[in-house]
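Because the structure is a prediction, the values reported are computed rather than measured. The basis for the numbers below is simple: all heavy atoms, side chains too, and nothing from hydrogens, waters or symmetry mates.
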Amino acid sequence: MWGERMFGAIIGDIVGSIYEWNNIKTVDFPLFDARSRFTDDTVMTLAVADGLMNGYGSESASEKEIVKAMQKFGRMYPHAGYGGNFTKWIQSDDPKPYNSYGNGSAMRVSAVAWLFDSLAQVEDYACISARVTHDHPEGIKGATATAAAIFLARAGKPKDAIKVYIEKTYGYDLGRKLDDIRPGYTFDVSCQGSVPEAMIAFLEADGFEDAIRKAVSLGGDSDTIAAIAGSIAEGFYGIPEEIKKEAVLRLDGPLLDVLKRWEEVCGLRI
């Protein structure tokens, strides 16, 4: 299956990678081409998954293992496209959170929503995965809201119920329309300026691929918005096999090793 239950974020990242600095405002574009590649979103999604597996059963152990895995994979892939503060954190001998509210906490969280079997656990561990770097309230909120949306989607909740829960619990305005957002939307790497938009792309979509296309069409931080939208859409729709196969071709050995192990762990649990 190659990482079913976490691949939505990876596909969104790869598809959006070529549009991050060359924004488009349309859903009509090639889903993959020769330039499509994984970026920091994929690397850190898999790092969080690795840390969660290594620390499973203990919140404190999970937090330590997530830090170890993020530093390990960050150093293994130093040119994946990290922000400046995160690059320093990767290389630090004593990594501490730095009050970030960037959307990195949300794009890397999807493994949490598949590894745990209650909404409360998912939100707790999403907070843990965020706060190792993104300990600003908005950074934590972006991660926990994203994980909650994925969990509710995989649990079979209808879109209206997902929308209501996220709006009531996290205060995001999900009642806007993409056609109204798109014309004036610009590059915004904050959780509060990109997580709601990614969720709206999912809510308006009629399938997994459509969610990715709609997310990229907003412009802005295209790979991360598509990673977040894709992670939620996977829970709701699943992923067409041909799209998954195209993404696998763009991953390398260490990343595929995490996916293979993840598949085995989740296959036993779910």
*Asks:* Taking E65 for its side chain and G55 for its backbone only, find out whether a donor-acceptor pair lies under 3.5 Å.
*Replies:*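 Absent.
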*Asks:* Could you verify whether a donor N or O on one side chain and an acceptor N or O on the other, from D221 and S194, lie under 3.5 Å apart?
*Replies:*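 Per modelled atom types, D221 and S194 side chains form no pair under 3.5 Å.
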*Asks:* Any chance the side chains of D13 and T39 put a donor and an acceptor closer than 3.5 Å?
*Replies:*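 Yes, T39 and D13 have a side-chain donor paired with an acceptor closer than 3.5 Å.
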*Asks:* Aromatic rings F202 and Y237: how do their planes relate, parallel, tilted or perpendicular, breaks at 30° and 60°?
*Replies:*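 Answer is perpendicular, since the angle exceeds 60°.
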*Asks:* Which heavy atom of Y82 sits nearest a heavy atom of G74, and at what distance?
*Replies:*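 Result for this residue pair: OH-CA, 3.5 Å.
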*Asks:* If the condition is salt bridge (charged side-chain N to carboxylate O under 4.0 Å, His left out), which residues does D28 pass it with, not counting sequence neighbours?
*Replies:*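 Here no residue qualifies.
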*Asks:* Hey, are the side chains of V258 and L255 touching, using non-hydrogen atoms and a 4.5 Å cut-off?
*Replies:*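 Contact flag for V258/L255 side chains = no.
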*Asks:* Go through K245 and E242 one step at a time and tell me if the salt bridge (charged side-chain N to carboxylate O under 4.0 Å, His left out) criterion holds.
*Replies:* CA-CA 5 Å; K245 287 178 180 177; E242 62 273 15; over 6 Å; no
*Asks:* Just verifying a value: how many Å separate S105 OG and D135 CG, rounded to the nearest 0.5 Å?
*Replies:*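 That separation rounds to 10.5 Å.
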*Asks:* Please list all pairs passing the salt bridge (charged side-chain N to carboxylate O under 4.0 Å, His left out) test where one or both residues lie in residues 87-107, with sequence neighbours left out.
*Replies:*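 Residue pairs passing salt bridge (charged side-chain N to carboxylate O under 4.0 Å, His left out), neighbours aside: D94-K96.
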*Asks:* Begin from the C-alpha positions of D179 and K177 and carry the test salt bridge (charged side-chain N to carboxylate O under 4.0 Å, His left out) through to its verdict.
*Replies:* CA-CA 5 Å; D179 286 345; K177 300 296 183 184; over 6 Å; no
*Asks:* Would you check, one step at a time, whether the test salt bridge (charged side-chain N to carboxylate O under 4.0 Å, His left out) holds for R213 with E209?
*Replies:* CA-CA 6 Å; R213 291 185 178 279; E209 181 177 336; 2.9 Å; yes
*Asks:* So do F236 and F208 actually touch side chain to side chain, heavy atoms under 4.5 Å?
*Replies:*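 In short, these two side chains do not touch, never coming nearer than 4.5 Å.
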*Asks:* Using the test side chain to side chain donor-acceptor pair (under 3.5 Å), find all partners of T133 that sit at least two apart in sequence or belong to another chain.
*Replies:*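 Side chain to side chain donor-acceptor pair (under 3.5 Å) check on T133 returns R108.
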*Asks:* When hydrophobic residues are tied together by side-chain contacts of less than 4.5 Å, even through go-betweens, does I228 share a cluster with W114?
*Replies:*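 Both belong to a single hydrophobic cluster.
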*Asks:* Listed by chain and number, what are the ring-ring contact (aromatic ring centres under 6.0 Å, His included) partners of Y77, not counting sequence neighbours?
*Replies:*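 Only F38 meet the ring-ring contact (aromatic ring centres under 6.0 Å, His included) criterion with Y77.
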*Asks:* Would you please name every residue forming a salt bridge (charged side-chain N to carboxylate O under 4.0 Å, His left out) with R75, sequence neighbours left out?
*Replies:*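 With neighbours one apart ignored, the set is empty.
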*Asks:* Applying the 4.5 Å side-chain criterion to the ILVMFWY set and letting contacts propagate, would V67 and I140 be lumped into a single cluster?
*Replies:*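 Hydrophobic grouping puts V67 apart from I140.
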*Asks:* For K157, I'd like to know if atom NZ has over 12 heavy atoms of other residues, nucleotides or ligands within 6.0 Å.
*Replies:*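 It does not: K157 NZ has 12 such atoms or fewer within range.
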*Asks:* Who pairs with E204 by side chain to side chain donor-acceptor pair (under 3.5 Å), at least two apart in sequence or on another chain?
*Replies:*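 Not a single residue meets the side chain to side chain donor-acceptor pair (under 3.5 Å) criterion with E204.
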*Asks:* For the pair E63 (side chain) and V132 (backbone), establish whether a donor and an acceptor sit closer than 3.5 Å, ignoring hydrogens and angles.
*Replies:*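 Looks like no, no N/O pair under 3.5 Å.
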*Asks:* Kindly work out whether a path of hydrophobic side-chain contacts (I/L/V/M/F/W/Y, heavy atoms less than 4.5 Å apart) joins I232 to V27.
*Replies:*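 Different clusters.
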*Asks:* Please name all residues satisfying side-chain contact (heavy atoms from CB on, under 4.5 Å) with A9, sequence neighbours left out, ordered by chain then number.
*Replies:*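 Scan of A9 (side-chain contact (heavy atoms from CB on, under 4.5 Å), adjacent residues dropped) gives T45, S110, A227, S231.
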*Asks:* Under the side-chain contact (heavy atoms from CB on, under 4.5 Å) rule, what do M199 and T146 come out as? Steps first, then yes or no, please.
*Replies:* CA-CA 8 Å; M199 291 183 173; T146 299; 4.1 Å; yes
*Asks:* Mind checking whether V122 and V164 sit in one hydrophobic cluster, side chains of I, L, V, M, F, W, Y counted as touching below 4.5 Å?
*Replies:*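 Not linked; separate clusters.
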*Asks:* Can you measure from CZ (F29) to CD1 (I24) and round to the nearest 0.5 angstrom?
*Replies:*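 Interatomic distance, F29 CZ to I24 CD1, rounded to 0.5 Å: 5.0 Å.
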*Asks:* Report the C-alpha distance between E123 and L119 in whole Å, list the side-chain angles of each, state the deciding distance to 0.1 Å, and finish with yes or no for side-chain contact (heavy atoms from CB on, under 4.5 Å).
*Replies:* CA-CA 6 Å; E123 290 174 320; L119 181 57; 3.9 Å; yes
*Asks:* Taking E197 for its side chain and I225 for its backbone only, find out whether a donor-acceptor pair lies under 3.5 Å.
*Replies:*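 No, because the side chain of E197 does not come within donor-acceptor range (under 3.5 Å) of the backbone of I225.
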*Asks:* Hey, are the side chains of Y170 and V195 touching, using non-hydrogen atoms and a 4.5 Å cut-off?
*Replies:*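 Not in contact.
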*Asks:* Suppose we screen for side chain to side chain donor-acceptor pair (under 3.5 Å). Which residues come up paired with D124, at least two apart in sequence or across chains?
*Replies:*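 Partners of D124 by the side chain to side chain donor-acceptor pair (under 3.5 Å) criterion come out as none, since no residue qualifies.
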*Asks:* Less than 4.5 Å apart, any side-chain heavy atom of M44 and any of F86?
*Replies:*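 The answer is yes, as the side chains (C-beta and beyond) meet within the 4.5 Å cut-off.
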*Asks:* Looking at R250 and D33, what are the two nearest heavy atoms and their distance?
*Replies:*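 What the structure gives for the nearest pair is NH2-O, 3.3 Å.
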*Asks:* Would you give the length of the straight line joining atom OG of S217 to atom CG of D210, rounded to the nearest 0.5 angstrom?
*Replies:*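 Atom-to-atom, S217:OG and D210:CG are 9.0 Å apart.
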*Asks:* On a heavy-atom basis, which atom in S62 and which in Y125 lie closest, and how many Å separate them?
*Replies:*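 Shortest heavy-atom contact: OG-CE2, 3.6 Å.
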*Asks:* Within the distance-only criterion (no hydrogens, no angle test), does the side chain of S222 pair as donor or acceptor with the backbone N or O of Y19 below 3.5 angstrom?
*Replies:*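 It does hold such a pair.
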*Asks:* Which pair of non-hydrogen atoms, one from A215 and one from A229, has the smallest distance, and what is that distance?
*Replies:*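 Answer, listing the atom of A215 first, then A229: CB-CB, 3.8 Å.
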*Asks:* For the residue pair L174 and I162, establish whether any side-chain heavy-atom pair is separated by less than 4.5 Å.
*Replies:*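 L174 does not reach I162 side chain to side chain.
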*Asks:* Does any non-hydrogen side-chain atom of I128 lie less than 4.5 Å from one of V112?
*Replies:*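 No, their side chains stay 4.5 Å or more apart.
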*Asks:* Yes or no on side-chain contact (heavy atoms from CB on, under 4.5 Å) for F7 and I243, after CA distance, side-chain angles and deciding distance?
*Replies:* CA-CA 10 Å; F7 223 102; I243 294 179; over 6 Å; no
*Asks:* I10 and L251: side-chain contact (heavy atoms from CB on, under 4.5 Å), yes or no, with the steps?
*Replies:* CA-CA 10 Å; I10 294 169; L251 302 179; 4.3 Å; yes
*Asks:* Is there a donor-acceptor pair closer than 3.5 Å between any side-chain N or O of S92 and the backbone N or O of W89?
*Replies:*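 Here the side-chain-to-backbone pair does not exist.
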*Asks:* Has K141 got a side-chain atom pairing as donor or acceptor with Y172's backbone, closer than 3.5 angstrom?
*Replies:*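 Judged by distance alone, no pair lies under 3.5 Å.
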*Asks:* Answer yes or no: is there a donor N or O on one side and an acceptor on the other, between the side chain of R176 and the main chain of I181, under 3.5 Å?
*Replies:*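 No, the answer is negative, given that no donor and acceptor are paired below the 3.5 Å cut-off.
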*Asks:* If every non-hydrogen atom of A69 is compared with every non-hydrogen atom of A47, which pair is closest and at what distance?
*Replies:*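 For A69 versus A47, the nearest heavy atoms are CB-O, 3.2 Å.
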*Asks:* To check you understand the geometry: which heavy-atom pair defines the closest contact between D173 and E167, and what is its length?
*Replies:*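 Scanning both residues, the minimum pair turns out to be C-OE2, 4.0 Å.
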*Asks:* Could you tell me whether the side chain of M76 reaches within less than 4.5 Å of the side chain of F73, counting heavy atoms only?
*Replies:*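 Heavy-atom side-chain distance check passes, below 4.5 Å.
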*Asks:* Is the closest side-chain heavy-atom distance between N23 and Y185 below 4.5 Å?
*Replies:*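 No, every pair of side-chain atoms sits at 4.5 Å or beyond.
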*Asks:* Apart from V189 itself, what residues make up its hydrophobic cluster, given side-chain heavy atom links below 4.5 Å?
*Replies:*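 Same cluster as V189: W21, F187.
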*Asks:* Which residues pass the ring-ring contact (aromatic ring centres under 6.0 Å, His included) test with Y101, not counting sequence neighbours?
*Replies:*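 Y101 satisfies ring-ring contact (aromatic ring centres under 6.0 Å, His included) with H136 only.
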*Asks:* Name all pairs fulfilling the salt bridge (charged side-chain N to carboxylate O under 4.0 Å, His left out) condition that reach into residues 36-55, sequence neighbours left out, sorted by first residue then second.
*Replies:*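 As it turns out, the salt bridge (charged side-chain N to carboxylate O under 4.0 Å, His left out) pairs with a partner in residues 36-55, which skip direct neighbours, are D50-R261.
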*Asks:* Taking salt bridge (charged side-chain N to carboxylate O under 4.0 Å, His left out) as the cut-off, I'd like each qualifying pair that reaches into residues 14-25, sequence neighbours left out, listed once.
*Replies:*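 Listed once each, the pairs would be none.
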